Colleague: 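Following this message is one structure expressed as structure tokens.
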Amino acid sequence: MTVRVRFAPSPTGYLHIGGVRTALFNWLWARHTKGTFVLRIEDTDRERSTDESRQAIFDSMKWLGLDWDEGPYTQMERLALYKEQAERLIQQKKAFRCYCTKEELDAQREALKKKDPKAQFRYPGTCRDRTDQPDKPFVVRFRTPSEGSVTYVDKVFGEVTTPNAAQQDFVLLRSDGIPLYNFGAVVDDMTMEITLVARGRDHMVNTPPQLMLYEAFGAKPPEFAHLPMMLAQNGEKLSKRHGAVSVSEYRDQGYAPNAVLNYLVRFGWSHGDQEVFSRDELIAAFGWEACGRGDGKFDTKKFLAINHAHLKEARLMPDDEYATRVVPFLEKRGVAGVSHDAAKAAVPLIRERATTFVDAADRLDFVFRAEPVMDEAAAKKFFVQAAAPNLRGLAAQIEGATTWNAHALEERVNAWLAERGLQIKDVAQSARVALTGRSASPGLFDVIATLGKDETLKRLQRGAALAEKAAT
RNA sequence: GGCCCCAUCGUCUAGCGGUUAGGACAUCGGCCUCUCACGCCGGUAACAUGGGUUCGAUUCCCAUUGGGGUCGCCA
């Protein structure tokens, strides 16, 4: 049987990083098994669902490269189906119309609680066995057995048993005919022939009622895999107040899509000692047996480190892709008109240094500006009068260079330094500030090689002039 | 409170009866070095507690403690 999995977010906000993890595990399983990944939008909450969120989900999924094979299906376009299936259950007496109002039920529950505080929370209404059909609004409820229990084998947690006494006559259809989560999900998963449902552990309690529905429909249920919770550092549910939680924020902070997936997959899943994975390695290695059960805490530092690891390796982030991704970040900081090729040529300068694309753009800034933005403190420290002749001398060496690569330049300059009884230390910092505007930069000769002869000379002369003007 | 689930360094985790309890991030030293990084070497740091089972438990079982999920005409 071919694997069919799904991701079914509700469009009630940006795509949450926790949601991405759910999507990722499903997607990986689909790709690993050469199965089908279905995208379904569960938009039955009319108050909170918006088209913008729907679009944000699509955008984020695409940015992450979590491509779907089927869908997006939309629940609000399938209302007739839910109604039909609910009717079927009513006919079979597996569900019933309930005319109780919320207020009535609340009052009855209160009364029951007063009598016995330990009373199980079950449907207190009286519509279960009524045969009339008054002309009043009604919801459709499932006739939940009070005896027995439901057992299933979770792909991650193993055997889970829940007594039916803990369940109530849950609502299938609201009075406006819109399905509630459990019903909509089951009807859809059933008709879409989903073979495995992977979702957050917060959904574990929904599994028994859903299993009851499958049984009522006489349908074979899918397998279930629940994922441990991803919590904030302080153990609370991960939310905005703990920092960035939406995918788009990480995109804007300069994270690489594959790094995001890499960090998230290691949350609740492991593959020996391997920490860094390419997309293909993930697909090949993924499996439920290696999933852990304990909840975890989101760690921003590790996330950053994983991103750094991806940006560092050309295997994971080729020069071409790096250039494409970093150019918009250069533009965002006012460095416009950088060609793809120029960016690509400069990428090696910052490979091992930049932790994000924001960081990369910052470190590359000097390459693409007519004049580097000068760090005044660095200029003051290194543009002293004694530095001027060294800068002029270095410029002369660069000017006379015939072989244009970092290694040859370094050899040439070293020969000159030796002749003058100088060391690279004696000129490096003032040259660095002249060339990059900063006291920290990529290697001097790599910078020179990348800037080119004309630009290098211009900047060295400018630095020398500033040094000469410095107070003694 | 009922029901369900979980428990190895600060964090993510490896371990599937016998290990000096391993790796990664973070952290602290050191090396390398034109700065910043990278890289390399090394240090600190964990099996929640109590009972069993066993020749032997981090590992299996049970309690306790702690944490989490959920109890809607939200998803």
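Every value quoted in this text rests on a predicted model; they were computed, and no experiment measured them.
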Colleague: At a cut-off of 3.5 Å, list every protein nitrogen or oxygen paired with a nitrogen or oxygen from nucleotides 36-45 of chain B, distance to 0.1 Å.
Modeller:
{"from": "C36(B)", "atom 1": "O2", "to": "R353(A)", "atom 2": "NE", "distance (Å)": "2.4"}
{"from": "C36(B)", "atom 1": "O2", "to": "S441(A)", "atom 2": "O", "distance (Å)": "3.4"}
{"from": "C36(B)", "atom 1": "N3", "to": "R353(A)", "atom 2": "NE", "distance (Å)": "3.4"}
{"from": "C36(B)", "atom 1": "N3", "to": "R353(A)", "atom 2": "NH2", "distance (Å)": "3.0"}
{"from": "A37(B)", "atom 1": "O2'", "to": "E352(A)", "atom 2": "O", "distance (Å)": "2.5"}
{"from": "C38(B)", "atom 1": "O2'", "to": "E352(A)", "atom 2": "OE2", "distance (Å)": "3.3"}
{"from": "G39(B)", "atom 1": "OP1", "to": "K312(A)", "atom 2": "NZ", "distance (Å)": "3.3"}

Colleague: Rounded to whole Å, how long is the line connecting atom CG of D176(A) with atom C1' of G72(B)?
Modeller: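 It is 14 Å, rounded to the nearest whole Å.
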Colleague: Between R88(A) and Q85(A), is there a side-chain donor-acceptor contact under 3.5 Å, judged purely by atom types and distance?
Modeller: yes
Colleague: Return the value, rounded to whole Å, for the distance between atom CD of E411(A) and atom P of C34(B).
Modeller: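 My rounded result for the distance is 15 Å.
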Colleague: With both distances under 3.5 angstrom, what nucleotide forms a Watson-Crick or G-U wobble pair with G66(B)?
Modeller: C6(B)
Colleague: Can you tell me the pairing partner of A57(B) across any strand shown, Watson-Crick or G-U wobble, with both distances under 3.5 angstrom?
Modeller: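 Here A57(B) is not engaged in any pair, so there is no nucleotide opposite it.
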Colleague: Look only at the side chain of K297(A) and the backbone of A232(A), and say whether a donor-acceptor pair between them is shorter than 3.5 Å.
Modeller: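 It does not hold such a pair.
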Colleague: Dump the pairs, protein N or O against N or O of nucleotides 7-10 of chain B, anything under 3.5 Å, distances to one decimal.
Modeller:
none

Colleague: For atom C1', what is the distance between A63(B) and U27(B), given to the nearest Å?
Modeller: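 Between the two C1' atoms, the distance is 38 Å.
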Colleague: With no angle test and no hydrogens, is the base of G23(B) tied to the side chain of Q274(A) by a donor-acceptor pair under 3.5 Å?
Modeller: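 Not at all, since no donor on one side and acceptor on the other fall under 3.5 Å apart.
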Colleague: Searching all strands shown, indicate the nucleotide that pairs with U44(B) (Watson-Crick or G-U wobble; both distances under 3.5 Å).
Modeller: none
Colleague: For H226(A), which contact category applies under a 4.0 Å heavy-atom criterion: base, sugar-phosphate, or nothing?
Modeller: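 Nothing: the residue H226(A), judged by heavy atoms under 4.0 Å, touches no strand.
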Colleague: Look at the side chain of S270(A) and decide which nucleotide, out of C34(B), U13(B), C3(B), has an atom nearest to it.
Modeller: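 Between C34(B), U13(B), C3(B), the one nearest the side chain of S270(A) would be U13(B).
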Colleague: Does one side chain, of Y322(A) or H310(A), offer a donor that lies under 3.5 Å from an acceptor on the other?
Modeller: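 Absent: no donor and acceptor within the cut-off.
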Colleague: Between R54(A) and T74(A), do the side chains contain an N or O donor and an N or O acceptor separated by less than 3.5 Å?
Modeller: yes
Colleague: Is the phosphate of C25(B), meaning OP1 or OP2, less than 4.0 Å from a side-chain N or O of R266(A)?
Modeller: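 No, no such contact exists.
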Colleague: Mind checking the C1' distance from G67(B) to U8(B)? Whole angstroms is fine.
Modeller: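 Roughly 16 Å separates the two C1' atoms.
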Colleague: Under a 3.5 Å cut-off for both distances, is U19(B) Watson-Crick or wobble paired, and to whom?
Modeller: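 Because no pair has both required distances under 3.5 Å, U19(B) counts as unpaired.
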Colleague: Using 0.5 Å steps for rounding, measure from the CD atom of Q429(A) to the CZ atom of F382(A).
Modeller: 4.5 Å
Colleague: If you measure only the distance, is there a donor-acceptor pair under 3.5 Å linking the side chains of S239(A) and H16(A)?
Modeller: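 There is no such pair (donor and acceptor under 3.5 Å, judged by atom type) between the side chains of S239(A) and H16(A).
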Colleague: Looking at RNA chain B, which of residues 14-25 of chain A put a heavy atom within less than 4.0 Å of it?
Modeller: none
Colleague: Would you tell me if any nitrogen or oxygen in the side chain of K302(A) comes within less than 4.0 Å of OP1 or OP2 on U27(B)?
Modeller: no
Colleague: Do W416(A) side-chain atoms and Q397(A) backbone N/O form a donor-acceptor pair below 3.5 Å?
Modeller: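 Flag not set: sc W416(A) to bb Q397(A) has no pair under 3.5 Å.
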Colleague: Using a strict 4.0 Å threshold on nitrogen-to-oxygen distance, state whether K302(A) and E275(A) make a salt bridge.
Modeller: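 Counted as a salt bridge, because a side-chain N and a carboxylate O are separated by less than 4.0 Å.
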Colleague: Could you give the distance separating U11(B) and U33(B) at their C1' atoms, to the nearest angstrom?
Modeller: 32 Å
Colleague: For atom P, what is the distance between U59(B) and A14(B), given to the nearest Å?
Modeller: 16 Å
Colleague: Decide whether Q461(A) and R392(A) meet the rule of one side-chain donor and one side-chain acceptor closer than 3.5 Å.
Modeller: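 There is such a pair (donor and acceptor under 3.5 Å, judged by atom type) between the side chains of Q461(A) and R392(A).
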Colleague: Does this structure show an ion pair linking D362(A) with R438(A), if we count only N-O contacts that are shorter than 4.0 Å?
Modeller: yes
Colleague: Considering every strand and a 4.0 Å limit on heavy-atom distances, what is the contact class for C291(A): base, sugar-phosphate, or nothing?
Modeller: nothing
Colleague: Return yes if a side-chain donor-acceptor contact under 3.5 Å exists between R432(A) and S441(A), otherwise no.
Modeller: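 There is such a pair (donor and acceptor under 3.5 Å, judged by atom type) between the side chains of R432(A) and S441(A).
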Colleague: Contact class for V139(A) (heavy atom, under 4.0 Å): base, sugar-phosphate, or nothing?
Modeller: base
Colleague: Distance check, P atoms only: C62(B) and A7(B), in whole angstrom units.
Modeller: 13 Å
Colleague: Expressed as a whole number of Å, how far does the C1' atom of A26(B) sit from that of C34(B)?
Modeller: 29 Å
Colleague: Ion pair present between D45(A) and R48(A), side-chain N to carboxylate O less than 4.0 angstrom?
Modeller: yes
Colleague: Taking atom types as modelled, is there a side-chain donor on R199(A) or T207(A) under 3.5 Å from an acceptor on the other?
Modeller: yes
Colleague: Check the distance between A26(B)'s P and N307(A)'s CG and give it to me in whole angstrom.
Modeller: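 The distance from CG of N307(A) to P of A26(B) comes to 13 Å, rounded to the nearest Å.
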Colleague: Find out whether the Lys NZ or Arg CZ of R293(A) is both under 6.0 angstrom from the six-membered ring centre of F157(A) and within 45° of the ring's axis.
Modeller: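 No, R293(A) does not lie over the aromatic ring of F157(A).
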Colleague: Verify the distance criterion only: is there a donor paired with an acceptor across the side chains of Q75(A) and D43(A) at less than 3.5 Å?
Modeller: no
Colleague: Which residue is it: C127(A), C98(A), C100(A)? I am looking for the one with a side chain to side chain contact (heavy atoms under 4.5 Å, CB included) to V139(A).
Modeller: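 Checked C127(A), C98(A), C100(A) against V139(A); only one passes side chain to side chain contact (heavy atoms under 4.5 Å, CB included): C98(A).
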Colleague: Between R40(A) and E42(A), is there a side-chain N and carboxylate O pair less than 4.0 Å apart?
Modeller: yes
Colleague: Contact class for R48(A) (heavy atom, under 4.0 Å): base, sugar-phosphate, or nothing?
Modeller: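 If one applies the 4.0 Å heavy-atom cut-off, R48(A) turns out to touch a base.
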Colleague: What contact category does E275(A) fall into here, base, sugar-phosphate, or nothing, at under 4.0 angstrom with non-hydrogen atoms?
Modeller: base
Colleague: Tell me what D426(A) touches on the nucleic acid: a base, only sugar-phosphate, or nothing, going by heavy atoms under 4.0 Å.
Modeller: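 Counting heavy atoms under 4.0 Å across all strands, no contact is made by D426(A).
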Colleague: Does the separation of the ring centres of W269(A) and F277(A) fall below 6.0 angstrom?
Modeller: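 Centroid distance W269(A)-F277(A): below 6.0 Å, so yes.
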Colleague: Rounded to whole Å, please give me the gap between CG in L231(A) and C1' in C5(B).
Modeller: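 About 13 Å, once rounded to whole Å.
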Colleague: Would you indicate what T12(A) reaches in the nucleic acid, counting non-hydrogen atoms under 4.0 angstrom: base, sugar-phosphate, or nothing?
Modeller: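 Nothing: the residue T12(A), judged by heavy atoms under 4.0 Å, touches no strand.
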Colleague: Tell me whether the side-chain N/O atoms of R46(A) come closer than 4.0 Å to OP1 or OP2 in C74(B).
Modeller: no
Colleague: What pairs of nitrogen or oxygen atoms, one from the protein and one from nucleotides 19-22 of chain B, lie under 3.5 Å apart?
Modeller:
{"from": "G22(B)", "atom 1": "N2", "to": "D273(A)", "atom 2": "OD1", "distance (Å)": "3.2"}

Colleague: According to ring-ring contact (aromatic ring centres under 6.0 Å, His included), who are the partners of H242(A), at least two apart in sequence or on a separate chain?
Modeller: none
Colleague: Base, sugar-phosphate or nothing for S175(A)? Non-hydrogen atoms, less than 4.0 Å.
Modeller: base
Colleague: Between E223(A) and K155(A), does at least one N-O distance fall below 4.0 Å, as a salt bridge requires?
Modeller: yes
Colleague: C4(B), C25(B), C73(B): which one has an atom nearest the side-chain heavy atoms of R174(A)?
Modeller: C73(B)
Colleague: Applying a 3.5 Å limit to both distances, which nucleotide forms a Watson-Crick or G-U wobble pair with C32(B)?
Modeller: none
Colleague: Measure CZ/F277(A) against P/C12(B) and give the value in whole Å, please.
Modeller: 17 Å
Colleague: Suppose we define a pair by two distances each less than 3.5 Å, Watson-Crick or G-U wobble; what does A24(B) pair with here?
Modeller: U11(B)
Colleague: Looking across every strand, which nucleic acid part, if any, lies under 4.0 Å from L180(A) by heavy atom: base, sugar-phosphate, or nothing?
Modeller: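 Answer is sugar-phosphate: L180(A) comes under 4.0 Å of backbone atoms only.
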Colleague: Pull out every residue in residues 427-434 of chain A that has a heavy atom closer than 4.0 Å to any atom of RNA chain B, ordered by number, or say none.
Modeller: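 Hits under 4.0 Å, by residue number: A428(A), Q429(A), R432(A).
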Colleague: Suppose you measure atom P in U13(B) against the same atom in C55(B); what distance do you get, rounded to whole Å?
Modeller: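 Going atom to atom, P in each nucleotide, I get 36 Å.
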Colleague: Please give the distance between the P atoms of U58(B) and G18(B) as a whole number of Å.
Modeller: 11 Å
